[in-house]
Amino acid sequence: MEKITSREEVSTKILQALLNQETDITIEDALENEMILNMGPQHPATHGVLRLLLRLDGETVMACVPELGYLHRGYEKMAENMSYYEFIPHTDRLDYLSPMANNVAWVMAVEKLAGIEAPPRAQYIRMMVSELARIASHLLAIGALTMDVGALTVFLWTLREREKILDIWDILCGARFTNSYTRIGGVANDVQPEALAKIKWFIEQFEENIDECERLINTNRIFVERLDSVGVISAEDAIQIGFTGPNLRGSGVEFDLRRATPYMFYNEMDFKIPVYKEGDCLARYFVRCDETRESIKIIRQILDKMPQGEVIANNPKRVLPKKTEIYSKMEELIHDFMIVNFGINPPVGEVYSAVENPKGELGFYLVSKGEGSPWKCKIRSPSMVNLQALPMLVKGHMISDVVAIIGSLDPVMGEADK
Amino acid sequence: MDLKELVTYKLKEKFPEVEFDITDYKEQLAVTFDKKNIVNVASFLKDDPDLQFKLCEDVTAIDWARRKNRFAVVYHIFSLKLNSRIRLKSDVDESDLSVDSVAFVWKTADWHERETYDMYGIIFNNHPDFRRMYMPEEFEYYPLRKDFPLMGIPGSLPLPKKDE
């Protein structure tokens, strides 16, 4: 963090947003009580490349202007210039803490647009990996939040748990981090017996470990007082500002897309939606802890109910055939050639498909003109919308609370900046 | 009464003089109307006790490139009461790129509209804090327009000046 000492360092429009009409502070005067502090884009507590400009009165935050775009890679533009298949690896790089969930969200949007239905087993596998992704993401969120307020041990413990999930993904699809596991019409490969055994083992021992983490910090006075009644947002305001996911449920709104607009087989699953009324950082932390347990419950049911069968739809014009068939059959070779070169050409139309991601509602708005690549692709990223509440939440708090509030919102800049 | 009938009935009742084109594709309702009514329609949909579209999920635009009305602004709104989503669409012509801002109806539209301006150059009137979202303030182009090349425009993003 550094103090801004001259007007040239900040663009005039940002400065205007930071200072309202009644304030008249001279940046150049070192003895002035109010000052403008630049936090980020390179700052460990901003979870990426988020830049904040804070106007401080002593240690109290008077105004805050977030600056986004340091990780803007133009994925929407790129999506317009590549086929639907080619974009799957790029979704890994959106919310890079839960790539599996993004893969699922993307292929679901494309399938809705193209009218493909994945076989039941593939959908069960997708549900399973998205719940694992949710656990992995929440574990990192919990760990990073506690580390931001000074409890380093929990970070190591939750990362140890997360490592086990990454190992499962390693067996499942060969990659620990950027998975690209789903395919349009199904998933890349069936789940291996070793992966299933490892998932079973993981869910058996997980609850004990998350209890252990919670026992360590929930009764810790320093931890609780750093978060209790900090960054409070009411239910009404939370909906106004567009919160979704755990942040909204931390404000007492029972809204979960898995329940509200059931997709895949979530309507057959028995799970609770954790809701806390307080709307402060502590409530958002509790929601995440409880959600990991609910995800474990869902995975248990998935493992019980998972049917046998194909994991990729039989739709030769739209779904890539298996590699072994491409090498041995003429028909499949032609289809493969056509799909790879010209894309899957969904009918003219537009769909908005949203799923409940660990961070909130991840939506893809796709417009097709009947060509191989989408005419328009809009990514509705939860992190960006959640960050919008930051100026509101930090106002009137101490500068050290800013770090806790960012941690409790759990933004991922890869997704916020697209 | 299903969602389409309900929304059609409500809108026709409240705005008899406005032309609404209500279509249903893949079970997703889209309401198209003239852009000058956007604020009225948006606040009605949000405040009506039977509809309550309180959550604005997304605001964006489409560049149709060769059509008569080159752009369209698109809003996705969700009703926590009905558990359903509708899409509002309005055409915007290149000769008049201004649309009234709905940031006072849904606060979340603030950043979405800034992003739409940043990417498509659509001007939102009465916006509380109208700046670019991702690109630098000095940037002159609108990257998601179809006439902006994929590789970018060389020299359009100057490197920071080096102190001598």
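Naming: A, B, ... by sequence-line order, numbering from 1 per chain.
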Cross-chain donor-acceptor list, chain B and chain A, 3.5 Å limit, no angles:
from    : atom 1 : to      : atom 2 : distance (Å)
Y25(B)  : OH     : V348(A) : O      : 3.4
K26(B)  : NZ     : K112(A) : O      : 3.0
K26(B)  : NZ     : L113(A) : O      : 3.3
Q28(B)  : OE1    : Y352(A) : N      : 2.9
Q28(B)  : NE2    : Y352(A) : O      : 2.6
E57(B)  : O      : R380(A) : NE     : 2.8
D58(B)  : OD1    : K378(A) : NZ     : 3.1
T60(B)  : OG1    : K376(A) : NZ     : 3.2
A61(B)  : O      : K376(A) : NZ     : 3.1
D63(B)  : O      : W375(A) : NE1    : 2.8
K89(B)  : NZ     : E350(A) : OE1    : 3.3
K89(B)  : NZ     : E350(A) : OE2    : 2.8
V105(B) : O      : Q240(A) : NE2    : 3.1
K107(B) : N      : Q240(A) : O      : 3.4
K107(B) : N      : Q240(A) : OE1    : 3.0
T108(B) : N      : Q240(A) : O      : 3.0
T108(B) : O      : Q388(A) : NE2    : 3.2
T108(B) : OG1    : I241(A) : O      : 3.2
W111(B) : N      : Q388(A) : OE1    : 3.3
E115(B) : OE1    : K378(A) : NZ     : 3.2
E115(B) : OE1    : K418(A) : NZ     : 3.3
E115(B) : OE2    : K418(A) : NZ     : 2.9
Y120(B) : OH     : K376(A) : NZ     : 2.8
R131(B) : NH1    : E67(A)  : OE2    : 2.8
Y134(B) : OH     : A416(A) : O      : 2.6
P143(B) : O      : K77(A)  : NZ     : 3.1
R145(B) : O      : K77(A)  : NZ     : 2.9
K146(B) : NZ     : E80(A)  : OE1    : 3.1
K146(B) : NZ     : W375(A) : O      : 2.8
F148(B) : O      : K77(A)  : NZ     : 2.8

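- In this view, F255(A) and F78(B) satisfy the ring-ring contact (aromatic ring centres under 6.0 Å, His included) rule, not counting sequence neighbours.
- Proximity to chain B (any heavy atom under 4.5 Å) is shown, for L387(A), by both the backbone and the side chain.
- Heavy-atom distances place the side chain of V74(B), and not its backbone, under 4.5 Å from chain A.
- Annotation: side-chain hydrogen bond (donor to acceptor under 3.5 Å, both in side chains) contacts of N69(B) (sequence neighbours excluded): none.
- Both the backbone and the side chain of V351(A) come within less than 4.5 Å of a heavy atom of chain B.
- Using a 4.5 Å cut-off between heavy atoms, A416(A) contacts chain B through its backbone alone, with no side-chain atom that close.
- Within the 4.5 angstrom heavy-atom criterion, no atom of A103(B) approaches chain A.
- Residue pairs satisfying the ring-ring contact (aromatic ring centres under 6.0 Å, His included) criterion with at least one member in residues 33-52 of chain B, sequence neighbours excluded, are listed as follows: F15(B)-F44(B), F20(B)-F33(B).
- For L80(B), the part lying near chain A is the side chain, with the backbone staying farther off; criterion is any non-hydrogen pair under 4.5 Å.
- Heavy-atom distances place no part of M82(A) under 4.5 Å from chain B, backbone and side chain included.
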